[in-house]
Every structure is written in structure tokens, then in C-alpha cells.
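Below you'll find the structure, written out as C-alpha cells, and then a few comments.
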Number of protein chains: 2
Amino acid sequence: MARRHLPSLNALRAFEAFGRHGRMTLAADELCVTHGAVSRQIRQLEEHLGVPLTEGPRSRLRMTEAGLKLAQALSPAFDQIEAAVPRPAEVGPRPLVVSCLPTFAMKWLIPRLPGFQAAHPDIPVRVAESNGPFDFKADGIDLAIRMRTPETVVTYDSVVTPFMEHFHGPVMSPERAAAEPMTLERVCAMPRLLTRTFMESWSDWARNFELDHLPPPVSEQEFDHYFYMLEAAAAGMGVAIGPWAFVQRDLASGRLVAPLGFTPGRARIVAVTPPDGATEAAVLFRDWLLAEGASTPLPPEAACEPRAGR
Amino acid sequence: MARRHLPSLNALRAFEAFGRHGRMTLAADELCVTHGAVSRQIRQLEEHLGVPLTEGPRSRLRMTEAGLKLAQALSPAFDQIEAAVPRPAEVGPRPLVVSCLPTFAMKWLIPRLPGFQAAHPDIPVRVAESNGPFDFKADGIDLAIRMRTPETVVTYDSVVTPFMEHFHGPVMSPERAAAEPMTLERVCAMPRLLTRTFMESWSDWARNFELDHLPPPVSEQEFDHYFYMLEAAAAGMGVAIGPWAFVQRDLASGRLVAPLGFTPGRARIVAVTPPDGATEAAVLFRDWLLAEGASTPLPPEAACEPRAGR
DNA sequence: CGGGCCATGTGAAGAAACCTCACAGAAGGC
DNA sequence: GCCTTCTGTGAGGTTTCTTCACATGGCCCG
């Protein structure tokens, strides 16, 4: 009687993956199936629920608000399931465990990991996605990647190594930006999107314009993850402060635009290792992060376009 | 790369249902499949994980500790998914929404619901399982069923109607009880199992024995739900204070025993309706609860066997 | 201690769900 | 306009899941 009318769990999982990646093709890659399979699952889900979950042209698909809401709720549920399932005993050497923001993992780290694997085929890497506090020993983490502002409260001893510049800027859907020449004032007058992961993004960004106090937003909406915030921006729900590293690809594909360009943020993307000596593998990984960070392209308009100096 | 090695979600769902019901047959009923299907799913899951999740003879199957841990983590995840999925638009009249403890729903309410449906075929009933606080308007609840001690803090106005006596007593696995004649002292010396839903159960029970202070337990373990606490008791992990209404069936089947019998508790099982008038359907339902409560059999040893009076 | 009862395990066959392949359509960029 | 990218879809194959019927193993009771 109770729990019976649920749609196919596989369809939900497919939709959740689509929600995170924003494109069926990428979701299909994650699930190791073809894009057609994902398309069918999502269509089946929409039929079952009688609610459209996606909208827009095929080449620039977005989630509807209902879809965004569903995906946001599904993600933590599947995370919980994943965490609960005991992993089949790992074979081989103990892997290097890297704790990392989910969105950073998806948009930056995982695409580059094959490079590390190629250089160090004997070091298996496991990426543990998490954006909260962590404990090296209790969680078995060798190295963590986090965003840090100078004010970030640190409650633990650790070695912090910044490895990448952090540029960010307001991003939105092309429709929103197309209306008229985009100015700082217009951007400030739009509904703002926030992520719990990095609540200070707006004030951090505003500093570059010597705006001590941003005008109060017409409305604010908060998301649990960067990727949902960015999806909401793509869906035209408002403006988000997007880190360059996270939105690079969406800018290239035209799903998002950044009419004011990017400016350096005060946050740094840092690698954190335990105070009492990192493992050998963690040191190698950190060195690799530094190299990768240095070779990541900067935004073309970096440091340009701020209306007030530096 | 990230989320790929999960076992079949259907298998996890089957196991979660088994975890709640304690028997594959019941889980199969809930999922509308045959017991064989559930059996296969769970076996597949065990093979995939390489960890036994069930143990004991076929006729009295129990979860292992690993299984209990897994099931406990899966339940809230599936709850979350269920809550997130928009229900296909309901047809017909607005259903009567009854908020209820999950275990009470499973072990007492749902088995009796057909009786109500038969008497009032025009009133569809939806059972919303929850054990926390609730808000009649915000959650769309017409009537809530809760456990109440005289001390329960009430933060809202409401009409409270007790409808069933509450008998409870320590329950444990037959193996644990078989060792030697069971006495109050021996029971007090066993590891205690608690449920977050009703933390005061031990002290409430102790009052009947004029024990103002129970001897401190050798160990305590806390569960999120009554049913997992009862499963842990069946698995021999300790002693739980089980409400008669919840354990009646497990006693009959021999999965649990209650060597000290049952005594009246100070808690009452109550129906709660909004202060500003209940709906017509809610009143009918409350009347039906009162009648059902009155006709629920009392424990055979009710009010017997307390070693100290009354 | 043997028969009845109850719940789960299992073999084989059938049903259903799922996936792939290949191609089509639609939008955007150059 | 052509090319690229991404999603939608028809047909058909494959895997997974279910069922049915019966076997198995405990437990209870006389």
C-alpha cells in the first residue's frame, strides 16, 4: 500500500545524472550507456509523472523548474545510497582518496584525471565528492580540494596549497543577456542564484568593483550544489556568480553567457593535506594539481571589463 | 567515473522493503511481486556486495548487522525519493491524509485499513508516514496518529483523542531468552535498544516496577525507526521495549519473545486533529480508530507479572 | 518423532524492461 | 548554406526480472 507508485528507479537515476551534467550525452557517459537510452528513460519518466522535466531546443536542452526541483532532491538521496552501500573489497594498493566539491570533480578534475593516471599508472585514485567539513583520518582522505577565502574559518591543522587562480563572473542564459547591452546595474537588478557551497560568492565578486554593498537583490534562490545553480542560470531563472573553471564548457557551448566577463576572486582553489605529513601519493597528486592549475587557460577577458579599477 | 558501481537499484529497494517488514513475503506484497522475486534480488545483492545480508534459518530469517546498517541507510534515502517525486495528479475526491509513525502504519494501521475502506468506500485514505512534528495546513494533513506521554511537549493547538491502550514490555530474540529463567535483573543487564521515535520508552516502562532509576545499561544502541529496533532485537543484539501493538505478530511467529510480559505504559496512542474543526472524513476516521482500538486484543499477560505492584 | 505448516530457495520458461544501432530532425556557428 | 552538436525515434536484440511450481529446512504440536 505504502510505497508502490514510484516510477522506475533507473529512470530516476538517469534523470538525476542528466540534472547534474546538463546534457544527456554526458549523463549517458556516466552511466555507461548510449544517449538514446537516457533519452528514453527521461521521456518515460515525464510520461509517468505527466510533468515536463525538460524544455528548450534539443541542442540546448534545459530542465524545467519542476525538473530542477526533482533533480535537486534526488541527488542527495542517491548520494546517501551510494555512501551506504559497502564497497566490494578493493583490490590492489590502497587508492589515493581525494575529497572534492562535486561540481569541481565533474567539471574540472575528472576530465583531467586520465593525465594523472597516465603519469602514475600505479596510483589508483578515488574521488570522494563532498563539500562539507572533513576529517582526514575518520574519512580516510589523503588530500582534499576546497575553495578558500582569506576569511575561511579553519578548524583543523593542515597544509594548504593553492594551485589555481580563481576567476569568476556573473553568468546567465543567452535569452536573459540578449535583451539589451548588459551593464553592472542591470546584472545587479536580476534575481540572484546562490549555492550553499560558497555563499560569499556575490560579495566576493562585488569587491572587484569597489562595491562594498551590492544593491539588495530583487530575489534570491539558494541551491545545494554549484551544478544546480548553474542549471538554474541556464534555465533563465536568474544570474549566478560562476567560477571560470566550472562554466568554461557551458560558455563554449552557448548554454551560458558571461556578459561582464570574469574577474579574479579572492577565493583560491586549494589542495589540503594532513598536518602530519602527506602520503607519497598525495604529494605527487598535489604536484600534478599545481602543474594542471598553471596550465589551465585563463578566461580570455580576464581582468578586463571591470567598470571600476582592479 | 563517479557513480557507477552501484548494485541494481531494484535489488536495493527489495532489500529495503525486506528490512522494514522483516520477512520476504511481506516485502514481496508491498512491491507487488512474488516472494521468489525478492529472494532472488536479495541473493543477487549479497553476491554483488560479497557480504551476507541475511542469516538464520529460512523460516526465521533475520538481517545481519551489515544488513541492518544498510537497510537503515536506505530507508531515508528512498523516503526522500518518494517525497521528491511529484504525484501524478490525483483523481476523484481529495483523499483523507493521515500522518502516522511508519511502524504503526505497517504493523497496525494498514492491515486494518480495508475495514475502513469497506465502511466508507467513498473516502480515499492516504497514509503519510512521518514521526516528526507536523503542520496540519502546510503538510495537508487531516489527522495525525502519535504517541503521547503526559509530559509530551505540545507546541500547537490541537484536539487529542486517545484511542488505544498502550502496553509494552521488553522483547528479545528467543536465543537470548532461552539461556535461563528471565528476571527483571537479567533484562536490565542486557544491551538496550532504543528508537529515536520514543526515547523515553525505557524510563516509562520502568515506572511500572517502581524503579525510579533503571540500572545504567551495559550498552545502548539507537535506531531511527521502531522496525529497525525490533529487527535488531530479533537479531539478538539486545533488548527493546516493544509496544504490544507492534510486536504482536512477531511474538506469534516466534521471532521475538517477551519473557516479562507486558505492562500498561503511560503513553497513549492518540489521534490528533486540527483545533479549528476536523473535516467530516477525519471525524469518521477518528471514530473508526476508537472502535478499532477498543477491539484490538490486549496482551494475554497484560497487567500480570510486574514484580512490583501496579 | 512424524506430519503439517510456514517461509524461503531454486530451475526453467516466459515477460518485461532496457539497450543499441542507425538514422532523422533541429538549432547554432562559421 | 554547410557543418557540427545534441536529442528524438523505429526496429530489433539482449539482459534482467518474474512467475510458477516444487524442493528444502525449521518449527510446532500432538
Side-chain angles (χ1 to χ4, degrees), chain A residues 6-15 17-19 21-48 52-64 67 173-175 177-178 234 249-257, chain B residues 6-15 17-19 21-48 52-64 67 173-175 177-178 234 249-257:
Chain A
L6 279 184
S8 149
L9 291 174
N10 291 324
L12 291 173
R13 175 163 56 176
F15 179 69
F18 166 72
H21 290 288
R23 287 204 288 287
M24 292 198 185
T25 311
L26 294 183
D29 286 348
E30 174 181 308
L31 300 170
C32 300
V33 295
T34 60
H35 73 91
V38 174
S39 169
R40 284 184 143 68
Q41 293 279 29
I42 292 180
R43 160 161 298 268
Q44 179 208 325
L45 187 59
E46 286 180 321
E47 271 170 22
H48 180 99
L53 299 171
T54 61
E55 64 182 1
R58 293 200 250 214
S59 57
R60 198 174 280 179
L61 209 59
R62 299 178 309 216
M63 281 190 282
T64 60
S173 66
E175 292 77 15
R249 189 156 178 181
D250 286 324
L251 292 175
S253 77
R255 278 168 47 88
L256 288 173
V257 296
Chain B
L6 279 184
S8 149
L9 290 173
N10 291 323
L12 290 174
R13 176 163 55 175
F15 179 69
F18 166 72
H21 290 287
R23 287 202 289 287
M24 292 197 186
T25 311
L26 295 182
D29 286 349
E30 175 180 308
L31 300 170
C32 301
V33 295
T34 61
H35 73 91
V38 174
S39 170
R40 285 186 142 70
Q41 292 280 27
I42 293 180
R43 162 162 298 270
Q44 179 209 325
L45 186 59
E46 287 180 321
E47 271 170 22
H48 179 99
L53 299 170
T54 61
E55 65 183 358
R58 290 202 255 218
S59 56
R60 201 172 279 180
L61 208 58
R62 298 180 309 217
M63 280 190 282
T64 61
S173 68
E175 292 77 14
R249 187 153 180 183
D250 286 324
L251 293 174
S253 77
R255 278 166 50 88
L256 289 173
V257 296

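Quick note on labels: first sequence line is chain A, next is B, and so on, each numbered from 1. Keep in mind it's a predicted model, so treat the numbers as computed, not measured.
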Next on the checklist: In whole Å, I'd like the distance from the CD atom of B/Glu55 to the C1' atom of D/dG26.
Outcome noted: 16 Å
Next on the checklist: Just so I know, are the side chains of B/Arg13 and A/Leu6 near enough to count as touching, which here means a heavy-atom distance under 4.5 Å?
Outcome noted: yes
Next on the checklist: Whole angstroms only, please: what is the CG-C1' distance between B/Leu61 and D/dT24?
Outcome noted: 14 Å
Checklist entry - Is the shortest heavy-atom distance from the side chain of A/Met63 to the side chain of A/Phe18 under 4.5 Å? => result yes
Item to check | Rounded interatomic separation in angstrom, taking CZ from A/Arg255 and C1' from D/dT7 | outcome: 13 Å
Checklist outcome for this item: Which of A/Asp29, A/Asp250, A/Val38, A/Leu61 passes side-chain contact (heavy atoms from CB on, under 4.5 Å) with A/Arg23? It is A/Asp250
Checklist entry - Is there a donor-acceptor pair under 3.5 Å between the side chain of A/Glu55 and the backbone N or O of A/Thr64? => result no
Item to check | Where chain B begins and ends its contact with DNA chain C, read 5' to 3' at 4.0 Å from heavy atoms | outcome: C/dA7 to C/dA12
Checklist entry - Closest approach of B/Pro174 and B/Val257, non-hydrogen atoms and distance? => result CA-CG2, 4.0 Å
Checklist entry - So, does A/Arg62 use its side chain to make a donor-acceptor pair with the main chain of A/Gly56 at under 3.5 Å? => result no
Next on the checklist: Angle between the end axes of the helix from C/dC1-D/dG30 to C/dC30-D/dG1, five pairs per end, to the nearest 10 degrees?
Outcome noted: 30°
Pairs: protein N or O with nucleotides 16-19 of chain D N or O, under 3.5 Å:
residue	atom	partner	partner atom	Å
D/dC17	OP1	B/Ser8	OG	3.2
D/dC17	OP2	B/Gln44	OE1	3.1
D/dT18	OP2	B/Gln41	NE2	3.3
D/dT19	OP2	B/Thr34	N	2.6
D/dT19	OP2	B/Thr34	OG1	2.8

Checklist outcome for this item: Residues at least two apart in sequence or cross-chain that pass side-chain contact (heavy atoms from CB on, under 4.5 Å) with A/Ser39, listed by chain then number, are A/Met24
Next on the checklist: Minimum heavy-atom separation for A/Gly22 and A/Arg255, please, with both atom names.
Outcome noted: O-NH1, 3.4 Å
Item to check | Between C1' of D/dC27 and CG of B/Leu256, the distance in whole Å | outcome: 16 Å
Next on the checklist: If I compare all heavy atoms of A/His21 with all of A/Glu30, which pair ends up nearest, and what's the gap?
Outcome noted: NE2-OE1, 2.7 Å
Checklist entry - Heavy atoms, side chains only, cut-off 4.5 Å: are A/Ser8 and A/Leu45 in contact? => result no
Expected rows: protein N/O vs nucleotides 28-30 of chain D N/O, under 3.5 Å:
residue	atom	partner	partner atom	Å
D/dC28	OP1	B/Arg60	NH2	3.3

Item to check | Of A/Leu9 and B/Leu26, the one whose closest DNA chain C nucleotide lies more 5' | outcome: B/Leu26
Checklist entry - Looking at residues at least two apart in the chain, or sitting in another chain, which of them share a salt bridge (charged side-chain N to carboxylate O under 4.0 Å, His left out) with A/Arg60? => result none
Checklist outcome for this item: note: A/Arg23, atom CZ; D/dT4, atom P; distance rounded to Å ~ 18 Å
Checklist outcome for this item: Smallest heavy-atom separation, B/Ser173 atom then B/Leu256 atom, equals N-CD2, 4.5 Å
Next on the checklist: Distance check, rounded to the nearest 0.5 Å: A/Gln41 atom CD versus A/Leu31 atom CG?
Outcome noted: 9.0 Å
